[in-house]
Amino acid sequence: MNVLGIAILVLGGMTMAAQQRPPAITDEAKVPVYTLPDPLRCADGTVVTDRETWRTKRRPELLKLFEQEEYGKALLGRPKAMKFVIRDEKHDARGGRATRFRVGILFEGTESGRQMELLVYLPNKVKKAPVFLGLNFDGNYACTDDADIPVPTHWVNGIFKNKPTNNKPPAEARGIHKELWQIDMALDNGFGVAMVAYGEIEPDANDSWKVGPRGLAKEPGKGDWGQLATYAWALRRAMDYLQTNPRVDSKRVALTGFSRLGKAALWACAQDERFALVVSNESGAGGAALHKRIFGETTADLNRVFARWFCGNFVKYAGNEADMPYDQHELIALIAPRPVLIISADKDLWSDPKGEFLSGVGADRVYRLVSGEGISQKEWPAAQKLIESRIGYYLRPGPHDVTAEDWRAMITYAQKYLKSKR
């Protein structure tokens with residue numbers, strides 16, 4: 001039986017047992033003892049003591065491990081037929097602050113094929129701008145109050161306030177997520193912003209792989225790469241476009257992502273070294289939070305509800321985190337030496353804010369080996385104290401969300417490592 005068949009059988013058993021699942025652990029005193037694998041010990045026992053061994057041996061091992069056991073391996077690179085189409089260019093956007101582009105990224109080279117639209121704002125006061133790039137929920141039009149951004153026709157989720165009918169974007173949802181995307185704040189600080197609706201890439205629903213990029217692969221087997229790997233793939237295609245825009249400093253592109261989209265951003269940055277920095281906003285389990293630290297959402301929870309996000313092998317670790325040969329601190333380590341900022345919220349216990357911080361601590365030794373700098377504080381900090389080291393951290397008071405406070409921390413951090421050239 002193949003991996004997918006095994007996964008279906010196991011998931012069936014998990015569904016039947018769901019009613020017996022114990023309550024999630026949200027009390028530090030109840031967290032079981034766990035041991036993290038050593039990110040600097042190779043599979044054959046070799047201890048990594050220099051950058052070259054990390055670069056040529058251990059790092060490729062870990063990438064392959066995450067491909068095989070969690071996210072799946074993307075079976076498609078940059079499509080040969082892919083084209084970029086400028087659908088709209090506006091030089092006086094946001095009250096004259098920005099030039100705005102709507103860019104069709106046509107994966108199959110035609111308007112009738114698979115595609116996504118990249119919405120880009122670049123500050124007019126900067127000749128060559130650093131850019132925050134990320135995926136959004138529910139469409140580009142939901143993240144800005146610009147009246148001339150068209151209502152899309154693609155699938156939308158209905159995250160947070162938006163309640164679409166049959167996953168169709170409602171016109172009244174324009175600007176509903178604009179607080180999650182502080183466009184003017186970024187522009188005023190010399191940064192561009194670029195975004196793509198993740199639901200246009202592939203609907204976040206079961207059995208949707210055929211309509212997205214996975215359907216273009218030569219051997220598009222359903223269990224080969226999960227949706228998070230698909231969304232990470234799309235971020236890399238957005239980067240392909242940004243490298244062609246002369247107003248973008250493509251060496252200073254920072255990935256950002258919230259919740260499930262933060263998971264995808266971390267995986268994209270781990271794979272693609274063109275990204276200069278990454279911000280993980282409350283990415284939780286499957287993102288920055290440690291799997292082996294049983295707190296909040298667990299591997300069993302992910303497999304029960306969101307198995308489609310991962311490859312078939314990931315189901316092996318549902319309720320069996322102790323047998324994982326890796327953990328998410330090694331995902332953070334794969335980003336070294338590039339800066340990573342992990343943002344948590346103190347009321348978002350499901351995402352395990354302390355476990356997200358401890359992932360950064362667990363990656364510290366790799367960062368120090370590769371770049372000479374890791375995380376500057378090993379104790380979980382109080383809320384609203386920004387740790388600005390190469391592994392950075394910020395704890396915001398409040399629930400699962402992205403706010404202006406998060407963006408202020410993101411911009412402060414990025415200004416240190418991606419200094420804006422006015």
Side-chain angles (χ1 to χ4, degrees), residues 1-26 30-39 41-43 58 61-74 206 221-232 259-260 262-264 266-267 270-271 280 283-334 349-352 354-356 358-359 362-363:
M1 181 180 294
N2 62 23
V3 170
L4 179 61
I6 294 171
I8 291 171
L9 287 177
V10 175
L11 282 172
M14 286 170 54
T15 302
M16 293 175 64
Q19 294 180 348
Q20 286 74 44
R21 184 193 181 279
I25 294 174
T26 55
K30 296 181 180 179
V31 175
V33 175
Y34 62 93
T35 301
L36 294 181
D38 185 350
R41 184 176 292 275
C42 298
R58 183 55 175 160
E61 271 186 358
L62 285 173
L63 279 171
K64 186 174 181 180
L65 198 56
F66 277 100
E67 286 179 342
Q68 290 179 339
E69 303 299 315
E70 187 155 344
Y71 302 113
K73 181 178 175 61
N206 293 331
K222 182 178 177 181
D224 291 322
W225 38 317
Q227 283 186 329
L228 293 177
T230 305
Y231 301 137
S259 195
R260 67 195 66 181
K263 306 180 205 298
L266 286 170
W267 181 228
Q271 296 174 90
S280 160
S283 59
L290 295 170
H291 286 305
K292 293 175 184 288
R293 181 184 137 87
I294 309 303
F295 187 103
E297 189 173 28
T298 66
T299 307
D301 294 319
L302 288 172
N303 276 294
R304 182 172 54 253
V305 184
F306 298 117
R308 63 180 178 270
W309 292 353
F310 304 93
C311 68
N313 276 338
F314 190 59
V315 75
K316 296 186 303 185
Y317 304 112
N320 190 32
E321 289 88 350
D323 281 354
M324 279 183 156
Y326 68 97
D327 210 333
Q328 301 306 100
H329 65 303
E330 293 173 311
L331 176 65
I332 304 300
L334 285 170
L349 300 184
W350 189 243
S351 296
D352 188 9
K354 186 173 183 179
E356 292 184 313
L358 291 174
S359 239

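Keep in mind the model is a prediction, meaning the values are calculated, not measured.
Counting heavy atoms from C-beta on, the side chains of Trp350 and Thr26 never come closer than 4.5 Å. The shortest side-chain heavy-atom distance between Pro32 and Lys292 does not fall under the 4.5 Å cut-off. Under the 4.5 Å side-chain criterion, counting only non-hydrogen atoms from C-beta, Arg304 is not in contact with Val315. By the 4.5 Å heavy-atom criterion applied to side chains, Tyr34 and Leu36 are counted as neighbours. A 4.5 Å side-chain heavy-atom check between Phe295 and Lys354 finds every atom pair outside the cut-off.
For the atom pair Lys263 NZ and Ser280 OG, the distance stands at 8.5 Å (nearest 0.5 Å). Between the CG atom of Leu334 and the CD atom of Gln328 there is a distance of 10.0 Å, given to the nearest 0.5 Å. The line from CG of Leu266 to OG of Ser359 is 9.0 Å long, rounded to the nearest 0.5 Å. For the atom pair Glu330 CD and Leu290 CG, the distance stands at 10.0 Å (nearest 0.5 Å). Interatomic distance, SG of Cys311 versus OH of Tyr71, reported as 10.0 Å (0.5 Å rounding). Atom CZ of residue Phe314 and atom CH2 of residue Trp309 lie 10.5 Å apart, to the nearest 0.5 angstrom.
Counting all heavy atoms, side chain and backbone alike, Arg308 lies closest to Asn206 at NH1-OD1, 3.2 Å. When every heavy atom of Ala363 is checked against every heavy atom of Ala333, the shortest pair comes out as CB-N, 3.8 Å. Here the closest non-hydrogen pair linking Pro325 and Leu65 is O-CD2, 3.7 Å. The nearest pair of heavy atoms linking Gly319 to Ala300 is N-CB, 3.9 Å. Contact between Ala270 and Leu331 at its shortest, heavy atoms only, is CB-CD1, 3.9 Å.
Ring planes of Phe66 and Trp267: tilted class, angle from 30 to 60°.
Contact check on Arg293 versus Glu321 returns no salt bridge, with no Lys/Arg side-chain nitrogen under 4.0 Å from an Asp/Glu carboxylate oxygen. Salt-bridge check for Glu67 with Lys64: failed, with every basic side-chain N at 4.0 Å or more from each acidic carboxylate O.
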| said: Please evaluate residues Glu69 and Lys316 with respect to the criterion side chain to side chain contact (heavy atoms under 4.5 Å, CB included), reporting the C-alpha separation (whole Å), side-chain torsions for both, the decisive distance (0.1 Å), and the verdict. | reply: CA-CA 9 Å; Glu69 303 299 315; Lys316 296 186 303 185; 3.0 Å; yes
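Looking at Ser283, its side chain does come within 3.5 Å of a backbone N or O of Ala288 through a donor-acceptor pair. Using modelled atom types, no side-chain atom of His329 and backbone atom of Glu356 make a donor-acceptor pair closer than 3.5 Å. Listed for the Asp327 side chain is a donor-acceptor partner under 3.5 Å among the backbone atoms of His291. Looking only at distances, no side-chain donor or acceptor of Asp352 sits under 3.5 Å from a matching main-chain atom of Gly296. Between the side chain of Asn303 and the main chain of Thr299, a donor-acceptor pair closer than 3.5 Å is present.
A donor-acceptor pair shorter than 3.5 Å cannot be found between the side chains of Glu70 and Tyr317.
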